[in-house]
Amino acid sequence: MTDILMPALSPTMEEGTLAKWHVKVGDAVKSGDVIAEIETDKATMEVEAVDEGVIDALLVAEGTEGVKVNAPIARLKGEGEEAAPAPAKQPADSDIHAPSVKALAPLAGKGLGEASSRATDISREGKAAAPSPHPTPSPASGARAVDEERIMASPLAKRLAAQLGVDLATIKGSGPHGRIIRRDVEGVKGSPVGATAAETPRQVKSLEQMGIAPGSYDLVPLDGMKKTVARRMTDSFRDVPHFPLTIDLEIDHLLAGRVAINALLEADGVKVSVNDLVIKAAATALKRVPAANASYSPKGIALHHHADIAVAVAVEGGLITPIVRAAETKGVAQIAREMKDLAQRARDRKLKPEEYQGGTFSISNLGMFGIKSFASIINEPQGAILSVGAGEKRPVARGDTLAVATVMTVTLTCDHRVVDGAIGARFLAAFKAMIEDPITMIV
């Protein structure tokens, strides 16, 4: 028998919803067959079979939420194998499959194919020597589990080690199964124990504790997307030293240029938006000021080869940032086509992980909602995010006289570790020049 495991569909995925089964017990499957649909916090994706065989059992029902990565979701029997007897109902921690799940936990993020093949190996080994219901891993092996190169440490311990320059491989963990925890890192010689007071998670009070009367509100549970956005934005706002830079742009020439471009592209069915032109201008400005197209890491500043522009798209339950890759190499017509496709698939939750992970710079545009100006939270590990407001008629000075122009306010939120004030100002100067005179985007 081979256990089919809950796949890790992205490096950050910890759990998901088993939305739909495409197979039933007794169905024969071969490698490449679609067997299920999995919903993550960002998208719905199809899962393909890796091994051949017959579905012996579906261990997780359709619609089940919070299924942990690498937890068994189905069982496959090979040709000639007899069906496994139905397991007796037992507490979750005594399930005979628990050792396999624990051993496979380090495989999260390595993809379904590798995880499934490792599951097969461990399952076959288990036939020769069945594990006891409550295995006790030795401290020496617990720290590494199956993957010898993966260090078992809590997220807080990893972040603290990166800040203090501590090598986790030199630390013996005191947590469960040898897991490295905060006190292990703080105990390393030279690590200031009091330096991480800000890292201690604050105790969140209930609404009732803060004076909201019970029964006076309706509680809408957080879905996976809301939880992920809340966690990432909290971490970014707390951990990244950020500051805003705001400028006004006159966009009358940009609007006139957009009309001319759309007239030329009308026969092709392509319609370029102001946001498409903003994407192109930002990407070109990043190439002209490469220090702004950068990310912070404990080992140094990463200067990116391409401007991969992540664009915030509002979807039901939150937002997602599909990416226009190497936007500096593409014309506005191609950008318009890509963004239309990406935005639609984002709303349908059909994006692939590589289509919304790994951008180098973000753009958030709330101008269509009438927002005049705002500042966004940085999407780590990017070094900056550009917030675009609405274009509106405003009085402007022309020498000693007043005139009326269409003005748009933009705010660049910068990670000061990467993009300091001078770099941010140079980027905005390059961006402003192209927005106010679009012909400069191509010269």
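All of these numbers come straight from a predicted model, not from anything done at the bench.
Across all their heavy atoms, L265 and A333 have their closest contact at CD1-CB, 3.8 Å. Taking every heavy atom of both residues into account, I301 and A294 meet most closely at CG2-CB, 3.8 Å.
Between V185 and I171, the closest side-chain pair of non-hydrogen atoms falls below 4.5 Å. Side-chain contact check for M45 versus P7: every heavy-atom pair is 4.5 Å or farther apart. Contact check for I251 versus V407: no side-chain heavy atoms found under the 4.5 Å cut-off. Residues T2 and R75 fail the side-chain proximity criterion, which asks for heavy atoms closer than 4.5 Å. Side-chain contact between I38 and L18 is present, with at least one heavy-atom pair separated by less than 4.5 Å. Within the 4.5 Å cutoff, the side chain of I363 has heavy atoms near those of the I279 side chain.
Heavy-atom contacts from other residues, nucleotides or ligands closer than 6.0 Å to CD of E354 number more than 12. The number of heavy atoms from other shown groups lying within 6.0 Å of OH (Y217) is above 12. Surrounding CD of Q209 are more than 12 heavy atoms belonging to other residues, nucleotides or ligands, all under 6.0 Å away. By the 6.0 Å contact criterion, CZ on F243 is enclosed, its count of non-hydrogen atoms from other residues, nucleotides or ligands being greater than 12. Atom CD of E392 sits in a crowded spot, with more than 12 heavy atoms from other residues, nucleotides or ligands closer than 6.0 Å.
Checking R325, K330, K280 one by one against E338, the salt bridge (Lys or Arg N to Asp or Glu O under 4.0 Å) holds for a single residue, K330. Each of K393, K432, R398 was scored for a salt bridge (Lys or Arg N to Asp or Glu O under 4.0 Å) with E250, with one residue passing: R398.
The six-membered or imidazole ring of F427 lies near that of F361, with a centre-to-centre distance under 6.0 Å.
Side-chain atoms of R258 come within 3.5 Å of backbone atoms of V272 as a donor-acceptor pair (strictly under, hydrogens ignored). Looking at D308, its side chain does come within 3.5 Å of a backbone N or O of A326 through a donor-acceptor pair. In this structure, E355 contributes its side chain and I323 its backbone to no donor-acceptor pair below 3.5 Å. With hydrogens and angles ignored, the 3.5 Å screen pairs a side-chain donor or acceptor of N365 with a backbone N or O of G367. Side chain of D348 to backbone of K350: no donor-acceptor contact under 3.5 angstrom is found. Judged purely by atom type and a 3.5 angstrom limit, K287 uses its side chain to pair as donor or acceptor with the backbone of H305. Side-chain N or O atoms of D33 include none that pairs as donor or acceptor with a backbone N or O of I35 at under 3.5 Å. Between the side chain of D235 and the main chain of R232, no donor-acceptor pair closer than 3.5 Å is present. When atom types are taken as modelled, the side chain of E328 and the backbone of A307 share a donor-acceptor pair closer than 3.5 angstrom. Not a single donor-acceptor pair under 3.5 Å links the side chain of W21 to the backbone N or O of E37.
A donor and an acceptor atom, one from each side chain of S236 and R231, are nowhere located under 3.5 Å apart. Side chains of S295 and H304: a donor-acceptor N/O pair is present below 3.5 angstrom, by distance only. In the model, S387 has a side-chain atom that pairs as donor or acceptor with a side-chain atom of S376 under 3.5 Å. In summary, the side chains of T440 and D437 do not present any donor paired with an acceptor at a separation below 3.5 Å, with no hydrogens or angles considered. Between the side chains of H253 and E436, no donor-acceptor pair is found at a separation under 3.5 Å. No hydrogens or angles considered: nothing links the side chains of N262 and E266 as a donor-acceptor pair under 3.5 Å.
The pair R417-D415 counts as a salt bridge, with a side-chain nitrogen and a carboxylate oxygen less than 4.0 angstrom apart. Electrostatic pairing of R337 and D341 does not count as a salt bridge here, judged by no charged N lying under 4.0 Å from a carboxylate O. Taking a cutoff of 4.0 Å between a charged side-chain nitrogen and a carboxylate oxygen, E316 and R349 do not qualify as a salt bridge. Electrostatic pairing of K30 and E52 does not count as a salt bridge here, judged by no charged N lying under 4.0 Å from a carboxylate O. A salt bridge is defined here as a Lys NZ or Arg NE, NH1 or NH2 lying under 4.0 Å from an Asp or Glu carboxylate O, and D27 with K24 meets this definition.
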Worksheet item: Between Q382 and S362, is a side chain to side chain donor-acceptor pair (under 3.5 Å) present by the stated rule, with each step listed?
Response: CA-CA 8 Å; Q382 297 165 19; S362 285; 2.5 Å; yes
Fill in: Worked check of salt bridge (charged side-chain N to carboxylate O under 4.0 Å, His left out) between K271 and D276
CA-CA 10 Å; K271 190 172 183 179; D276 298 326; over 6 Å; no
